[in-house]
Amino acid sequence: MAITAQDVNKLRAMTGAGMMDCKKALTEADGDFEAARDILRKQGQKIADKRAENETSEGLVLVSVSEDGTTGKLVALACETESVAKVANFRELAQQVLDAAVRTNAGTKEDLLASKEADGLTVQEHITDLMGKIGEKIDVTYATLTAEKVASYIHSDNKKGVLVGLKNVGGADITEVGRDVAMQIVAMKPVAVDKEGVDSATVEREIEIGKEQARAEGKPEAMLEKIAQGKLNKFYKDNTLLNQEFVKDNSVTIAKLLDNKQKGLTVTDFKRVAIGA
């Protein structure tokens with residue numbers, strides 16, 4: 001059957017796909033709009049499969065914290081090039097994914113991607129559709145956090161974001177200190193809240209590295225364990241949030257910064273997402 005310009009424009013309005021892609025899909029589907037939509041979706045899946053190994057170093061990070069301040073959602077939508085990260089339909093999709101996370105209170109990335117939108121398509125299907133339109137791989141990173149109070153921060157490049165869970169807030173206004181701690185996490189990339197949160201494999205690796213360094217320096221075998229433990233304590237100081245020096249004032253640790261604000265105020269957990277870093 002003959003495919004008219006009106007038909008092509010109708011499919012474009014339905015899918016957002018390019019004119020030539022819409023015309024080709026309608027021709028292949030003999031004018032059946034639903035079949036044409038399926039063809040376009042399969043095109044997106046082909047691109048996703050073909051570009052599965054490509055790096056996604058550009059994109060957009062968005063955050064939402066509930067009105068009562070107890071739950072935060074963090075979404076990173078990553079693509080391959082800066083130009084795609086700036087186009088409207090990519091940024092709209094990022095907001096759509098975040099809105100879906102908030103609406104469904106998704107506990108995991110898998111739950112989020114499987115959730116359905118008003119049009120009956122899943123979040124993953126919407127992502128696949130956009131891959132077909134832009135011709136690039138798109139990745140999603142998702143984090144959610146619940147605490148007595150949740151603070152958040154998005155870095156100025158819109159490619160890094162943090163959620164921080166705080167407890168023992170009392171009546172304190174933690175807006176500023178919460179943001180400061182979140183900024184600390186973006187900048188200093190701690191591996192855990194405190195040394196108790198560092199996994200055993202990391203601890204064992206740091207001890208072995210410490211021993212090898214001491215051995216290379218010619219230290220006696222009998223002293224290696226003690227030296228390695230000292231290096232492990234330095235690792236905790238540099239790499240666990242509460243023990244790190246505050247980047248704005250290295251005379252205090254993050255633990256002391258929080259306690260100065262409100263006695264007992266501390267961090268229970270944090271989530272950090274970053275695109276290309």
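For the side chain to side chain contact (heavy atoms under 4.5 Å, CB included) with Ile209, the qualifying choice from Glu212, Lys211, Gln213 is Gln213, the only one to do so. With Leu130 as the fixed residue, the side chain to side chain contact (heavy atoms under 4.5 Å, CB included) test singles out one of Val84, Val87, Ile138: Ile138.
Judged purely by distance below 3.5 Å, without hydrogens or angles, the side chains of Asn105 and Lys73 pair a donor atom with an acceptor atom. A donor-acceptor pair shorter than 3.5 Å can be found between the side chains of Asp99 and Gln95. Of the N and O atoms on the side chains of Thr128 and Gln124, at least one donor lies less than 3.5 Å from an acceptor on the other residue. Side-chain atoms of Glu136 and Thr81 include a donor-acceptor pair closer than 3.5 Å.
By the 6.0 Å and 45° rule, Lys256 does not stack over the aromatic ring of Phe246.
Applying the 4.5 Å side-chain rule to ILVMFWY residues, one finds that Leu121 remains a lone member of its cluster. When hydrophobic side chains of Ile, Leu, Val, Met, Phe, Trp and Tyr are connected at separations under 4.5 Å, Phe235 ends up clustered with Val191, Val198, Val203, Ile207, Leu232, Tyr236.
The pair Glu125-Lys116 fails the salt-bridge criterion, with no side-chain N (NZ, NE, NH1 or NH2) lying under 4.0 Å from an Asp/Glu carboxylate O.
Side-chain N or O atoms of Tyr142 include one that pairs as donor or acceptor with a backbone N or O of Ala106 at under 3.5 Å.
Applying the 6.0 Å contact sphere to CD of Glu117 captures more than 12 heavy atoms from other residues, nucleotides or ligands.
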message: Val61 vs Val63, test: side-chain contact (heavy atoms from CB on, under 4.5 Å). Steps then yes/no.
response: CA-CA 7 Å; Val61 176; Val63 68; 5.9 Å; no
